[in-house]
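Have a look at this one.
Residue numbers begin at 1 in each chain, while the letters A, B, ... track the order of the sequences. Heavy atoms only: backbone and side chains are in, while hydrogens, waters and symmetry mates are out.
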Amino acid sequence: MKRRTLLHSLAALPIATMAGKLWAAPASKTRLLFVFMRGGYDATNLLVPISSQFYYKARPNIAVPKPGDDPNAALPINADWGLHPALRETIYPLFTIGQVAFVPFAGTEDISRSHFETQDSIELGQALDGTRDYRSGFLNRLATTLNTDRASAISFTDQLPLIMQGGAQLPNMALRSIGKPGVDARQAKLIASMYGDTALARQVRDGFVVREDVMKEMIGEMDAANRNAITAKGFELEARRIAKLMKDKYNIGFVDVGGWDTHVGQGGASGYLAGRFEELGRGLAAYAKEMGPDWKDTVVVVVSEFGRTFRENGNRGTDHGHGSVYWVLGGGVAGGRVRGEQIRLEQNTLFQNRDYPVLNEYRAMFGGLFARMYGLDAGQVERIFGAKGQDLGLI
Amino acid sequence: MRIRYLAACAALLILGGCATPLQAPATSAVKPDQLAGALNRVSWGVNQSTWRQAEKLGYDTWLDRQLHPSPAALPQAAQAQIDAMTITQKPLPQLIQELDQQRKDIEKITVDDDKKSAQQAYQQELNRVAKEAAARSLLRNLYSPNQLQEQMTWFWMNHFSVHQGKSNLRVLVGDYEDKAVRPHALGKFRDLLAATLRHPAMIRYLDNEQNAANRINENYARELMELHTLGVDGGYSQRDVQELARILTGVGVNLGSAEPKVKKELQAQYVRQGLFEFNPNRHDYGDKEFLGRTVKGRGLAEVDEAIERLSRHPATARFISRKLAVYFVADEPSPALVERMAATFASSDGDIAAVLRTMFTSDEFAQSLGRKFKDPVHYVVSAVRLTYDDKVILNTGPMLSWLNRMAEPLYGRQTPDGYPLTESGWASPGQMTTRFEIAKAIGSGNAGLFKTDGPQPTERPAFPQLANALYYQTLQKTLGQPTRQVLEQATSPQEWNTFLLSSPELMHR
């Protein structure tokens with residue numbers, strides 16, 4: 001039975017019997033989790049350009065050493081690149097078995113170097129010139145293109161982010177901190193009944209069902225550790241929760257992680273930024289593990305609005321830059337390598353003598369990736385991104 | 001007699017629909033539930049005191065006073081909270097200079113850890129100041145007798161939206177609302193537009209500080225036409241955007257005490273008003289072709305000329321009128337209503353109160369009562385107004401966090417287009433579930449609204465008073481059968497409150 005039909009046939013049932021049954025697994029097993037690192041992370045210290053003497057000259061205090069015996073050294077990837085050592089236990093093992101690819105020089109052509117401008121322009125996924133639709137994000141357009149039979153999308157955030165806004169009415173629920181709902185099951189049923197056959201009846205019922213889904217998946221966790229404060233391990237716990245829901249309820253998800261704006265004292269192989277990498281890495285590895293056999297059908301994309309300046313500043317930090325490094329993870333990813341257009345990093349190849357150029361424009365890149373993941377044709381990709389896709393061989 | 005337009009439909013609200021044609025009541029006395037329906041739309045949400053006041057004055061007089069308000073006194077308990085705020089006690093130039101000094105001092109710190117904690121302290125202060133502005137705004141929405149002025153202030157803040165997350169806008173938003181927007185919220189559109197243009201919050205948010213001769217930044221010029229005046233289909237070209245950007249060169253801000261060095265022959269052209277600055281050195285003095293006419297290059301007067309043209313343009317009259325009708329009448333307002341409003345706009349030289357009067361006295365308005373979905377700010381403010389009436393809350397914190405949870409925080413729209421004003425923006429499943437949680441928090445009386453902030457918080461018990469005269473004489477009649485049935489099943493007064501605040505009738509205004 002198609003999911004839409006299922007929704008209709010169950011719509012008349014009282015809420016208690018629907019709970020947990022309404023959202024049957026969508027027909028498409030392909031799962032996409034979109035992770036947004038808000039704040040413009042220092043991609044240069046994530047994927048370390050170890051063959052560039054200029055890198056070591058430009059970052060006298062915060063560079064990550066070349067691969068070697070030193071535990072602080074970058075982890076070997078190829079002759080040109082190394083990985084930040086904070087990812088030794090988490091992302092690096094996945095990389096070595098071919099489940100992680102990195103795409104340097106990735107990003108948007110927006111050169112405002114403003115967090116807000118650039119985040120928005122990426123989430124909108126529209127051409128920078130010409131009229132923009134401020135309420136149409138590209139994950140919403142993807143979900144619309146795939147239809148409800150193949151896509152069940154949700155944002156794991158307090159607010160419905162721009163990337164998920166648009167024609168399709170998508171739900172959002174933050175999993176960072178969840179508590180027992182104030183409105184109990186009996187009250188929920190009564191409230192839903194007040195909406196009878198009004199125009200809002202579907203949203204009200206769906207809202208309670210999503211909440212029910214979340215509570216059902218989290219019940220073990222809440223029973224076991226209901227007093228655990230979510231602090232340093234915040235993202236790992238959140239990622240596990242997301243995986244639980246992505247396994248059989250939803251197949252397109254969005255979550256964001258903040259704290260990447262490092263103008264001051266960002267550190268090198270250790271320090272503030274290393275801590276952020278470690279936390280993110282732990283979360284993503286936990287997600288992979290929690291997905292179990294379904295990891296093979298999963299693609300996780302990690303992006304940020306921009307990279308940072310190539311040279312460290314006077315505060316041992318970095319300022320807003322341009323090109324970034326995007327991550328693509330998953331059981332079926334053609335990983336273990338660095339993908340996309342690349343250049344040697346020297347002073348004269350920097351963009352505006354400051355930061356990474358964008359050689360792999362994100363709309364083309366995701367257009368190509370989605371085409372492969374979902375079998376979209378060129379017209380569908382153009383309707384989502386207003387541009388042609390480019391296949392970087394990521395899966 | 002305007003009152004006759006508030007006929008039968010007001011009582012029926014969303015569930016019943018409006019089957020019968022409008023009928024003028026036999027006398028000018030309007031039924032209590034009809035009055036409540038109109039007050040619910042013109043104010044931030046009907047409550048007992050507003051209802052009593054309007055009954056005493058008569059709706060016509062009450063509406064007149066809303067359209068042309070005199071300075072209004074807030075209840076002492078609310079005013080005292082505002083008086084204690086930093087943004088009340090310090091003039092903006094002083095506040096911003098102190099904070100700027102704090103930022104500069106941080107740069108001199110050489111120890112990483114010290115620097116980091118100093119920076120955190122600076123950021124926390126910026127957050128605190130912005131939170132004051134939001135709290136003040138909510139207190140006025142809740143308790144000001146000039147309800148329409150406060151509602152229009154939110155409307156224009158959204159129309160001329162700025163995002164507090166950019167740069168140090170957190171220090172500027174309170175002043176922007178209080179000095180640029182609120183005084184003109186019911187006045188002439190041209191004055192409002194000019195006031196936003198001369199406020200550092202807008203200039204900074206849309207990057208006009210960066211806009212200089214031969215280094216054009218089009219950001220503000222584009223939004224000024226697309227979002228603030230003509231509308232995206234208002235008949236301007238890319239060339240007009242570029243020419244307006246040239247006109248706007250030199251318009252910037254100066255937060256410090258020093259003045260820039262200006263070429264001798266241009267010194268007379270330099271303008272400094274508060275934090276606003278026009279720097280002739282950065283202005284493009286060439287002639288411009290803007291909206292089909294030449295603008296003689298001559299300095300800041302060009303900007304006034306452009307503002308004049310934009311605010312008198314027929315496209316602006318239609319664009320603004322339609323947006324007002326979307327906010328106050330329907331997601332898809334009738335073109336006929338919008339045309340009548342635009343005609344008033346044109347004939348009154350953009351008098352906002354006059355345009356609103358045309359709208360409030362229309363059949364379309366009367367028929368729409370009870371059918372407009374509340375956005376989160378309306379939901380939260382109207383629920384607290386209805387529940388606690390003139391009993392002044394001690395802490396707006398819970399309200400601010402509810403608005404965060406529902407993704408409509410004050411000064412928090414990231415894009416310059418403002419929050420959506422239509423149901424589709426706010427009726428998602430997650431949003432509805434959150435509303436019911438909020439309904440329960442308010443209805444049960446332990447939401448923290450009467451708990452003071454600070455090291456030694458005190459809490460005053462305050463029980464929700466929803467089942468009151470207003471309810472029995474007006475609201476009750478508007479409830480549909482399903483809602484009545486559920487209310488009967490409530491097992492406690494708290495639960496009864498929760499159900500009422502969760503009902504579809506209370507989601508609409």
* Check side chain to side chain contact (heavy atoms under 4.5 Å, CB included) between B/R405 and all other residues, then give those that pass, not counting sequence neighbours. =>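 Partners of B/R405 under the side chain to side chain contact (heavy atoms under 4.5 Å, CB included) test: B/T434, B/E437.
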* Asked: Among A/R316, A/R211, A/Q119, which residue forms the greatest number of heavy-atom pairs with chain B at distances under 4.5 Å?
  ->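 The residue among A/R316, A/R211, A/Q119 with the greatest pair count is A/R211.
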* Asked: Do B/M432 and A/D206 have side chains that get closer than 4.5 Å, going by heavy atoms?
  ->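 Counting from C-beta outward, B/M432 and A/D206 never come under 4.5 Å.
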* Roughly how far, to the nearest 0.5 Å, is the OG1 atom of B/T483 from the CG atom of A/L190? ->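 One finds 11.5 Å between CG of A/L190 and OG1 of B/T483.
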* **Under 4.5 Å from a heavy atom of chain A, the part of B/K166 involved** =>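 For B/K166, backbone and side chain are both near chain A.
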* Looking at B/A441, B/S167, B/S428, which one has more heavy-atom pairs under 4.5 Å with chain A than the rest? ->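 Going by pairs under 4.5 Å, I would pick B/S428.
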* Asked: Rounded to the nearest 0.5 Å, what separation is found between the CZ atom of B/R435 and the CD atom of A/Q203?
  ->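 So the gap between those two atoms works out to 11.0 Å.
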* To do: Using heavy atoms and a sub-4.5 Å threshold, report which of residues 226-242 of chain B line up against chain A, by residue number.
  =>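 Only B/E226, B/V232 of residues 226-242 of chain B have a heavy atom under 4.5 Å from chain A.
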* **Heavy-atom proximity to chain A below 4.5 Å, by part of B/Q210** =>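 Nothing of B/Q210, per the 4.5 Å heavy-atom cut-off to chain A.
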* Residue, of A/G265, A/G182, A/S193, that accumulates the most heavy atom pairs under 4.5 Å with chain B ->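 Among A/G265, A/G182, A/S193, the one with the most close pairs to chain B is A/G182.
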* **Distance in Å, B/M507 CE paired with A/T198 OG1, rounded so as to fall on 0.5 Å steps** =>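 Reported to 0.5 Å precision, the distance equals 10.5 Å.
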* Asked: Which one of B/S444, B/P420, B/P416, B/A439 has the most heavy-atom pairs closer than 4.5 Å to chain A?
  ->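 Most heavy-atom pairs within the cutoff with chain A belong to B/P420.
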* Mind checking which of residues 111-121 of chain B sit less than 4.5 Å from chain A, heavy atom to heavy atom? ->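 Interface residues of residues 111-121 of chain B: B/D112, B/K115, B/K116, B/Q119.
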* Supply the atom-to-atom distance B/E495 CD to A/D184 CG, rounded to the nearest 0.5 angstrom. =>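 If we round to the nearest 0.5 Å, B/E495:CD and A/D184:CG are 7.0 Å apart.
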* State, yes or no, whether a side-chain contact exists between B/L506 and A/M194 at a heavy-atom distance under 4.5 Å. =>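 Side chain of B/L506 against side chain of A/M194, heavy atoms only: no contact under 4.5 Å found.
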* To do: Can you sort out the partners of B/Y471 under ring pair (Phe, Tyr, Trp, His ring centres under 6.0 Å), two or more places apart, ordered by chain and number?
  =>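 Only B/W496 meet the ring pair (Phe, Tyr, Trp, His ring centres under 6.0 Å) criterion with B/Y471.
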